[in-house]
Amino acid sequence: MKRTLIKNIAQHITETIRIEGWVDVARDQGKMAFFDFRDATGKVQGVVFGKPDVLEIAKTLRPEWVVAITGIVNQRPEKMVKEGVQNGNVEIEITGIEILNKAETPVFEITESTVDINEEVRIKNRYLDLRTERMHNNIMMRHRVAKLCRDYLDDQGFLEIETPILTKSTPEGARDYVVPARLSPHQFYALPQSPQQYKQLLMAGGMERYFQFARCMRDEDLRGDRQPEFTQLDMEMSFVNEDDIMELNENMLINIVRKLYPEKRIQQIPFPRIPYAEAMEKYGSDRPDIREDKDDPNLLAFCWVVDFPFFEKTATSDDPQAIGEWTFTHNPFSLSKPEHIENIKNKTNIADIIAAQYDIVLNGYEIGGGSIRAHDPEILKSILQILGHSDKKIEANFGHMLKALGSGTPPHGGIAWGFDRLMMILQNEKTIRELIAFPKNGEGRDPMMDSPSFIAKEQLDELNLSLKELPKK
Ligand code: ASP
């Protein structure tokens, strides 16, 4: 018999059906046995009575065993109907049980939220954790939001394009993860901190509108809620200005909330735009939490923060023009506001240069950021010089970008969302790990796979690598 999904059972009242899934709850009551069964689409109750051979098998079933159940779908008597519960009006009268797989007793209850269970245990047994309703729902909603974004962007003429994972370092301000290149001894690929350069090179390639759910890797200390790898919804567009990008993103966010989170209220539309200086002065933060009511789990207060300073002083010298004593606040590929371009070219009034940059903030979290980029190679070169790069280093690290910009690259700009964080807020969770199917723990390890791990001497030899002795503790 063909399988019926649990969500569709109520369409089969009086019929004999077959379901396949897990034993969620088993209650042995002597002459009867009651069950909740579960598959990815939901739960249903089942009961065995008056069938000694079936009852005998039924009594052996334990939670998390995988079973195929045949039975008749009965409507429950009126006063037994569970209002508001999936399949609350039906019950399966079990006529046959096939055990597809047994299971050891799970280390935590699958029928309850695991939010308070030791997280190391949860990550180590992630496949069990993912079976819980809360985690299942988090991952499903992540899919739904991603699907809506894909459809929305497709509709707006964007192409979803993959960019390399084995790449060259892109300066986003963090340490790179590196991968030894066997075919180029002593050389290393870097894993992308973001697809920043590639997405700009796609604009040089005439793609005009790009997006990607991009995995980004940054080797940072895992303070707070950071993960060594995380997901950005990454976008880049040609022939646009800041307003075009902000409007498109704002509409997409509003669409997500209206279609997938109708119970939530957006505090203000259009999203307020707060200059950086005002945010710092009024809220003491460049990601202000402007919620009118911080106790309301269904209030979404989006705002844009704009007019960021382009450069930030890193060194102590008092010379405000000193070249090489500056770092970028967002990324080195940004452009300034049009009125500051001369200052970039002449390397003057560096502290006053405002970037054509925007961050999107939700309930006090930065959920995305982007900028209009420098598409004139002379301007990018000047920015890199302000940052203190020698001409030799500029050529070695950014020569390909300068060459591409000089090949007829259109004006362009983009943005990237921290997709895990956005989902965390929408799902009212406290950490992004609740929205990632397989997160790393606080030490950046995957205790389930036991990774990272040592590799064999032969592998090291193949890579022409040898390991240094570790300092004695
Ligand atoms: N690459 C930038 C980041 O990761 C986002 C952007 O400017 O589009 O923050």
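All ligand and atom numbering here is 1-based and tracks the order in the structure. Throughout, numbering of the chain's residues begins at 1 and tracks the sequence.
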Subset of ligand 1 atoms that lie under 4.0 Å from at least one heavy atom of [X]:
{"X": "Arg218", "answer": "4 (O)"}
{"X": "His330", "answer": "6 (C), 7 (O), 9 (O)"}
{"X": "Gln232", "answer": "3 (C), 4 (O)"}
{"X": "Ser194", "answer": "1 (N), 4 (O)"}
{"X": "Ile415", "answer": "8 (O)"}
{"X": "Gly370", "answer": "6 (C), 7 (O)"}

Pair [X]-[Y], side-chain donor/acceptor within less than 3.5 Å:
{"X": "Glu112", "Y": "Thr132", "answer": "no"}
{"X": "Asn441", "Y": "Glu119", "answer": "no"}
{"X": "His400", "Y": "Gln197", "answer": "yes"}
{"X": "Thr348", "Y": "Asn343", "answer": "yes"}
{"X": "Tyr261", "Y": "Gln427", "answer": "yes"}
{"X": "Gln385", "Y": "Lys347", "answer": "yes"}

Residue-level breakdown please: for [X] versus ligand 1, do any non-hydrogen atoms fall below 4.0 Å on the side chain, on the backbone, on both, or on neither?
{"X": "Lys199", "answer": "side chain"}
{"X": "Gln197", "answer": "neither"}
{"X": "Glu236", "answer": "neither"}
{"X": "Asn331", "answer": "side chain"}
{"X": "Ala416", "answer": "both"}
{"X": "Gln193", "answer": "neither"}

### Task
Taking the six-membered ring for Trp and the full ring for Phe, Tyr or His, determine whether the centres of His389 and Phe398 are under 6.0 Å apart.
yes
### Test item, Gln357 contacting ligand 1 (heavy atom, 4.0 angstrom)
no
### Min heavy-atom dist Gln200 to ligand 1 below 4.0 Å
no
### Message
Under the ring-ring contact (aromatic ring centres under 6.0 Å, His included) test against Phe308, which residue among Phe328, Tyr358, Tyr276 passes?
### Response
Tyr276
### Query
Looking at Arg142 and Leu435, what are the two nearest heavy atoms and their distance?
NH1-O, 2.9 Å
